[in-house]
Structures are given as C-alpha cells and as structure tokens.
Novice: 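Quick one: structure below, then a few questions.
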Amino acid sequence: MKKSLIVSGVAALVLAAMSMGVAQDKKASSTKKKSVIYVTADKAKFKESPAPAAGVSMAVLWGDPDKGPHATYTKFAPGYDAGMHTHTNDVWIVGIKGAYLYKDDAGEKRVGPGDFLRVPGGHQHWSGGDKTEGALFYEEGSGKFDLIPAK
C-alpha cells in the first residue's frame with residue numbers, strides 16, 4: 001500500500017512539473033512580440049525570377065519562399081505560361097489585378113481581382129497570366145515554394 005502511494009505521489013509530481021513547463025512554453029511563445037506588416041502592391045520591391053521562370057517576379061511580404069511558409073505579391077507577365085506542374089505544398093492565391101489563369105482536370109478558372117484559389121500540394125495543374133494584362137496576385141504557401149514540371 002505504501003509503495004503504491006509513493007509511486008502515485010511521484011507520478012503526480014512529474015505530471016505537475018510537465019504541465020508547468022508546457023504552460024511556461026505557451027506563455028513565452030504568446031509574449032513573443034510580432035509586428036504588423038503593411039505593404040501596398042504598388043510600393044512592394046519585386047525581384048525578377050531567373051530562367052526558366054522568366055516572366056515571373058515576386059515581392060516577399062513575410063517568411064522565405066526558399067525555406068518555408070511565406071507570403072508574396074507575385075506578378076506574371078502578359079501571356080506567361082508555367083506549363084503543367086505541381087507544388088509540394090499548398091498554395092493560396094487572391095487575385096489583385098489582371099487575371100491568374102488556372103486549368104486542371106476539373107476545368108479552367110480565371111482568378112481575377114478579389115477571387116480566391118487554393119491549390120493543394122501535389123495537385124497537377126497549369127497556370128499562366130492573362131494575355132493582355134498579365135496577373136498580380138497575393139500568394140501564400142504552407143511551406144517552401146517549388147514548381148515541379150509534370151511528366
């Protein structure tokens with residue numbers, strides 16, 4: 001009986017210590033100061049993508065598309081054609097100007113100003129820019145950005 005009481009007491013102390021550690025970790029992460037981000041598309045600093053993605057430029061708003069989760073303003077030149085491809089991670093798109101053109105087995109979509117599109121990671125699709133206006137859109141990714149050409 002004494003032995004089981006001692007074991008129960010030790011287990012209760014261990015659980016209490018663990019829960020205090022978790023609570024302190026949550027408090028530390030919630031007190032970490034995050035800043036407000038405000039960037040207008042017309043003042044953003046766009047960087048032209050190297051070949052073979054010529055015709056695409058991006059302005060990073062937060063995160064790093066080469067390393068993990070991120071958000072960018074992205075421009076497609078008029079008539080830009082990305083070909084059939086997939087992305088490893090989910091991508092969310094909101095049209096701002098012109099039209100992001102999208103096509104998959106379910107059909108074609110024209111993502112214009114105010115329109116939203118979610119492309120799940122691994123989903124094969126074609127994308128491009130409107131032939132006249134190109135496209136300016138907000139893009140957010142759940143992880144590193146990549147473009148894997150379809151075979």
Novice: Taking side-chain contact (heavy atoms from CB on, under 4.5 Å) as the definition, give me every residue that meets it alongside Val39, ordered by chain and number, with sequence neighbours left out.
Specialist: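 Val39 satisfies side-chain contact (heavy atoms from CB on, under 4.5 Å) with Ile37, Ala44, Leu61, Tyr73 only.
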Novice: As a quick check of understanding, evaluate side-chain contact (heavy atoms from CB on, under 4.5 Å) for Val111 and Phe137, giving each step before the final call.
Specialist: CA-CA 9 Å; Val111 184; Phe137 53 95; over 6 Å; no
Novice: If you take all heavy atoms of Phe46 and Ala41, which pair is closest and at what distance?
Specialist: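 Shortest heavy-atom contact: CE1-O, 3.5 Å.
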Novice: Sequence neighbours left out, what pairs pass salt bridge (Lys or Arg N to Asp or Glu O under 4.0 Å) with at least one residue falling in residues 72-89?
Specialist: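 The answer is none; no pair qualifies.
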Novice: Roughly how far, to the nearest 0.5 Å, is NE2 of His125 from CG of Leu117?
Specialist: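 One gets 8.0 Å once the value is rounded to the nearest 0.5 Å.
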Novice: What pairs of residues pass the salt bridge (Lys or Arg N to Asp or Glu O under 4.0 Å) test when at least one of them lies in residues 111-129, not counting sequence neighbours?
Specialist: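 Output for this query lists Asp90-Arg118.
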Novice: If hydrophobic clusters are built by linking Ile, Leu, Val, Met, Phe, Trp and Tyr wherever their side-chain heavy atoms come under 4.5 Å apart, do Phe145 and Phe76 end up in the same one?
Specialist: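 No, no single cluster joins them.
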Novice: Who are the side-chain hydrogen bond (donor to acceptor under 3.5 Å, both in side chains) partners of Asp42, not counting sequence neighbours?
Specialist: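 side-chain hydrogen bond (donor to acceptor under 3.5 Å, both in side chains) list for Asp42, sorted by chain: Thr40.
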Novice: For Phe116 and Ile93: C-alpha separation, side-chain torsions, deciding distance, then whether side-chain contact (heavy atoms from CB on, under 4.5 Å) applies.
Specialist: CA-CA 6 Å; Phe116 171 79; Ile93 292 168; over 6 Å; no
Novice: Which heavy atom of Ala71 sits nearest a heavy atom of Tyr138, and at what distance?
Specialist: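 For Ala71 versus Tyr138, the nearest heavy atoms are CB-OH, 3.4 Å.
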Novice: Sequence neighbours left out, what pairs pass salt bridge (Lys or Arg N to Asp or Glu O under 4.0 Å) with at least one residue falling in residues 121-148?
Specialist: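 Every salt bridge (Lys or Arg N to Asp or Glu O under 4.0 Å) pair that includes a residue of residues 121-148, provided the two are not neighbours, is Arg110-Asp130.
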Novice: Taking all non-hydrogen atoms of both residues, which atom of Ser142 and which atom of Asn89 are closest, and how far apart?
Specialist: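 Closest heavy-atom pair between Ser142 and Asn89: OG-CB, 3.4 Å.
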Novice: Enumerate the salt bridge (Lys or Arg N to Asp or Glu O under 4.0 Å) contacts for residues 58-73, please, sequence neighbours excluded, ordered by first and then second residue.
Specialist: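 For residues 58-73: none.
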Novice: I'd like to check the side-chain hydrogen bond (donor to acceptor under 3.5 Å, both in side chains) partners of Tyr102; sequence neighbours left out, ordered by chain and number.
Specialist: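 Tyr102: side-chain hydrogen bond (donor to acceptor under 3.5 Å, both in side chains) contacts with Asp104, His123.
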Novice: Are Trp92 and Trp62 connected into the same hydrophobic cluster when the rule is that any two of I, L, V, M, F, W, Y join if their side-chain heavy atoms are below 4.5 Å apart?
Specialist: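 Result: yes, single cluster for both.
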Novice: Which heavy-atom pair separates Pro113 from Gly98 by the least distance, and what is that distance?
Specialist: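 Closest approach of Pro113 to Gly98, heavy atoms only: CD-O, 3.5 Å.
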Novice: Residues two or more places apart in sequence or in another chain: which of them pass side-chain hydrogen bond (donor to acceptor under 3.5 Å, both in side chains) with Thr72?
Specialist: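 Result, side-chain hydrogen bond (donor to acceptor under 3.5 Å, both in side chains) vs Thr72: Thr74.
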Novice: What residues join Met84 in its hydrophobic cluster, counting side-chain heavy atom gaps under 4.5 Å, either direct or through other members?
Specialist: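 Met84 shares its hydrophobic cluster with Leu101, Trp126.
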Novice: In Å, rounded to the nearest 0.5 Å, how long is the span from NE2 of His87 to CG of Leu147?
Specialist: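 Going from NE2 on His87 over to CG on Leu147, the span is 5.5 Å.
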Novice: Which distance, rounded to the nearest 0.5 Å, do you find between the OG of Ser57 and the OH of Tyr80?
Specialist: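 These two atoms lie 11.0 Å from each other.
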